[in-house]
Structures are given as structure tokens and as C-alpha cells.
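Written below as C-alpha cells is the structure these notes are about.
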Amino acid sequence: MSAWLEEPTQRGAAMVADAVRAPYWLDRPERPAARPGLGTDTDTDTDLLIVGGGFTGLWTAVQAAEENPDRRILLVEGARIADGASGRNGGFCSASLTHGLANGVARYRDELPTLLRFGVETLDDIEAALERLGVDAAAERVGELDIANFDWQVDDVREHVTEALLYDQPATFYGRDEARARVNSPMVAAAAHDPNVMMVDPAKLAWGLAAAAERLGVRIVENTEIVSLRRRRGSIRARTAAGTITAGRVVVATAATRPLLRRNRWAMVPVWDYVLMTEPLTAEQRAAIGWSGREGLADSGSRFHYFRLTVDDRILFGGWDAVYHYGSDHDPRHAYDDAEFALLAEHLLQMFPQLDGIGISHVWGGAIDTCSRFSAFWDTSMGGRVVSVLGFTGLGVGAAHFGARTALDLVDGRDTERTRSAMVRSRPIPFPPEPLRWIGITITRKEFARSDRRKGRRGLWLRAMDAVGLGFDS
Ligand SMILES: Cc1cc2nc3c(=O)[nH]c(=O)nc-3n(C[C@H](O)[C@H](O)[C@H](O)COP(=O)(O)OP(=O)(O)OC[C@H]3O[C@@H](n4cnc5c(N)ncnc54)[C@H](O)[C@@H]3O)c2cc1C
């Protein structure tokens, strides 16, 4: 096989035609009932207000409540818990805080050993917290296999392993035969194993963290949007449609939605990513594809897929195109794009021709909070009383725990190894205003596609982006 198909086919379109248009993870009977909103409860007062009920907000709530059981903590979610990226993702919970080693080397070379240590500690902390809090997130610490699909990608994957070992990170290179013994696909030319990745059921993780936070005394309200934050006489006034919450401190964890603080709007763009979920594989289908290690899989082009097995042996298959809509439009209708789904379905069969005839049960998309350094940043405002954390750029399942831990350090004015790090103290380069923003992102998307067609060679545009620190290589 020499390339991924670039255009959707009729076969792909037929495969997804009857799929449920909703995130599989959220479309299950285990989904808890909605918690009541704040309604007309206008005089709410709290020590710590957390805005956003995804992983970042939930880990903030759990960690804050664990360290100080007397603190009054209110988490306000505009929609439902995990309705944002946290209930829509692939469930790859990686130790990487920098969106991969290569991006870490390019941006944080001097402190990378520290960031790598923080990352492994984070993954260990998550595992320990799930145990301690009794959260069943179907976690499997099976690692990730990064796959070279084509011969021209093999050297890159091998070099990635060499670089990881240089930084004392565990990694193993598998040539074609060994890699295909792990995953039986004509699209596997080599692979690298990273053991520091845990596969989780993201919705169960979020629902479990919300329940654990409540057991620790946190109050959670859903369907209540915070529309503005103002500083007023030593506290923060957060306005909802119905009234005002007075808070001593605020952590804002709203990811790809329009940031409450104007200056963060320059630093983040919502980029849409698409996913499909198959029906559970039959025993014959399961045997035909190998993959007995159940690792998370990702391939290595500029546009890449990520795919994994669920506990009931469905395949989640997502990625490839990343779509930006003019004006940072975050309208939920962008979560459904038939052409993207049809192309993903065709790619699934390119990867596993053995699965011809498989049913697709769900299709959906989600917005990724993308920043120009492809890894989280923290913003402190309103006299240190408000801290926002965002910009995870598609690798936030694990990093959200670190993002939350650090946001709490900052909002409580603690001087820690985390808050002293250059990563936490610096900010990404802002995006330009429209129409330059749309033009720049569109050219970059087209150049990524061209680079894949030219066996990874990066043209002038991508090399210029690399030179000014806006390039990406995970
Ligand atoms: C399709 C897809 C696949 C992904 N796959 C992976 C993966 O496999 N591994 C990985 O590490 N990362 C992945 N990611 C990224 C990961 O899901 C996110 O980085 C992570 O979930 C971010 O968590 P969060 O809490 O910061 O944001 P979110 O989960 O988006 O939560 C933010 C919440 O804030 C709420 N909110 C927004 N504004 C307001 C307001 N004004 N008032 C009240 N509430 C508000 C929203 O409703 C939302 O629930 C993926 C993302 C997508 C979209």
C-alpha cells in the first residue's frame, strides 16, 4: 500500500450512513442523570469556583477537596459533565505533557528531563487516584504503539526510539515482522512501543471523578453557563444567566469553548477532530487482526489516525483531518461531517481489510483547544484570583491532571517546582486576527497533506513555521 485514500468513497459513506450521530462514550445507559443547575439561586458564595466539567475542572475539584476538606468548592458546567472533549476523545492517557517527545525537545529542551519526570509522576498519580477514589475508568496500562505505515516513515520511528532512550524514556522499536506480529495489518511497516500510556474509558473516568468529587464535598451543577467574570472588592463575581456567584478564587477549565478572558482568545483556536466506533468485533474478526497487547495505536504521518479497542472489543478509529472553521466558530453542528466519517471508515478498512463488512455504531467529532505550542498554558489574572488552563491540543487526557494541579498551585499562590518551570511561566505565540488566522491554518493543513504525499518532505511554508517556532511534530 503506498498511501491513504484522500477522498471519501461510496463504500465508506454506506458504512457510516446508519451510525448514531453521538459520542459512543456518552450514549450509554450508565450515563448519570443530569445534576440540577443553579437556577435562580442568585446568592451563591464559594471559596473556589471551577468553571468547566471536563477532566481539567474535575481533577481541580478532586485535588482541591482532597488537600483541604473544609474548602467550599463549586464546579459549574455549562452543559453536562464530559460533554466537551473529555467525553469525546480516544482515551489515550499519556504521560507526555508536551504533546510528544519531539514537540517537547523543540520547545522545552532545557527543562525536558523535568517535564518528562512530571509526566510519569502524573500518570502514576492518576493510577493511584483511581484506586484510592474507587473510580472504574476501565484503565489498561498497555502503552501505545506508534506505527510507520510506509517504508519512508520507518527511519523517523526508529529515530524517535533512539531519542526517547537518550532521555531515559522506555521505548522499543519493532521492525516490520515483529510489528505485524503485534498488529496484523498491511499498513504496518514498523512500530515503536511507549509503555507510559494508559487506555481509559473517558466518560467513565469523568463520571467517576464527578461522583468522587461530590463524595469529597464538592458541589457540582450542570446546565449553568458562566457568562462573565469580574473582580470586585477582594473577590470574583461570576455571572450566570440567572444570577451571580461570589468566589474567592476561580479556576477556568473551558478548553475549546470561547475563553471567558479576552486575552486568551488570541491564544487558542478550536480545531475539529472526527471519530467513529465500530460494533463489537466477532471472535473471528478479533483473531484476524492480532493486536493481542491491546495497545493504543497511532500512525506517523503529518495527518495521523489514532485507534484503540474498548473493553467489549469495538474499535474506536479517529483523527486524520483537523478542521478549523472561520472566526474560531465553535458551533456544535461542526461535530458532524459526513465526508470526514466516510473517509475514516475507508481508512479503517485500509488498515484492516479483514474487517470488510464491519458495522459502524457511532460517529462524532469534538473541538480541540489548539494553541501554537501544542501543549497547555496557564494564565493568571484579576490579581492572581483567576487562573485559566487550556491549550492541550489533543493530548489532554493525562495532562489535564497536571494542568489542574498546577492551576491550583497558581491560584493559591504557591511557589512550587511546577510553577517555577519555564513551561508554566511562558505563553504561546498568539494567533493573528481573521482573515489571516483562517488563511494561515488552511495553508498549514494543505501543506501537511502535501508533505504526506511527498514522503514527509516539508515544503517552504512548513519549514518557515518550524523556524519561527510554530511547527508541529509529535
Ligand atoms: C475527538 C477528540 C479526540 C481526542 N483524543 C484524545 C486522546 O486520545 N488522548 C488525549 O490525551 N487527548 C485527547 N483529546 C483531547 C482531550 O480530550 C482534551 O485535551 C481534554 O479532554 C480536555 O479536558 P478539559 O477539561 O480541559 O476540556 P473539556 O472536556 O472540553 O471541558 C471543558 C468544559 O467546560 C465547559 N464550559 C465551557 N465554557 C463554559 C462556561 N462559560 N461556563 C460553564 N462551563 C463551560 C464545557 O461545556 C466543557 O464541558 C481528544 C479530543 C477530541 C476532541
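Order of listing sets the numbers, starting from 1, for every ligand and every atom in it.
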- [ ] Can you label the angle between the His334 ring and the Trp272 ring as parallel, tilted or perpendicular, going by 30° and 60°?
- [x] perpendicular
Open item on the list: Can you classify the ring geometry of Trp320 versus His347 as parallel (below 30°), tilted (30 to 60°) or perpendicular (above 60°)?
Closed with: perpendicular
Close N/O pairs between ligand 1 and protein, under 3.5 Å:
unit_1	atom_1	unit_2	atom_2	d
ligand 1	5 (N)	Gly90	N	3.1
ligand 1	8 (O)	Gly90	N	3.3
ligand 1	8 (O)	Gly91	N	3.3
ligand 1	8 (O)	Phe92	N	3.1
ligand 1	9 (N)	Phe92	O	2.8
ligand 1	11 (O)	Phe92	O	3.1
ligand 1	11 (O)	Gly396	N	3.0
ligand 1	11 (O)	Val397	N	2.8
ligand 1	12 (N)	Gly394	O	3.0
ligand 1	12 (N)	Gly396	N	3.2
ligand 1	17 (O)	Ala85	O	3.3
ligand 1	17 (O)	Asn89	ND2	3.2
ligand 1	19 (O)	Gly396	N	3.3
ligand 1	21 (O)	Ser86	N	3.3
ligand 1	21 (O)	Ser86	OG	2.9
ligand 1	23 (O)	Ser86	OG	3.2
ligand 1	25 (O)	Phe55	N	3.0
ligand 1	25 (O)	Thr56	N	2.9
ligand 1	25 (O)	Thr56	OG1	3.3
ligand 1	26 (O)	Thr56	OG1	2.7
ligand 1	29 (O)	Ala85	N	3.4
ligand 1	29 (O)	Ser86	N	2.9
ligand 1	29 (O)	Ser86	OG	2.5
ligand 1	30 (O)	Ala85	N	3.0
ligand 1	38 (N)	Thr257	OG1	3.4
ligand 1	41 (N)	Ile226	O	2.8
ligand 1	42 (N)	Ile226	N	3.0
ligand 1	44 (N)	Gly78	N	2.8
ligand 1	47 (O)	Glu77	OE2	2.6
ligand 1	49 (O)	Glu77	OE1	2.7
ligand 1	49 (O)	Glu77	OE2	3.1

- [ ] Could you tell me which residues satisfy side-chain hydrogen bond (donor to acceptor under 3.5 Å, both in side chains) with Glu131, sequence neighbours excluded, listed by chain and number?
- [x] none
TODO: Inspect the contact between Lys204 and Glu30 and indicate whether a charged nitrogen and a carboxylate oxygen are less than 4.0 angstrom apart.
DONE: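 Salt bridge: no.
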Task: With Glu127 via salt bridge (charged side-chain N to carboxylate O under 4.0 Å, His left out) - residues at least two apart - done: Arg141
Task: side-chain contact (heavy atoms from CB on, under 4.5 Å) against Arg35, all qualifying residues, sequence neighbours excluded - done: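 With neighbours one apart ignored, the set is Ile81, Ala210, Glu214, Ile220, Glu222.
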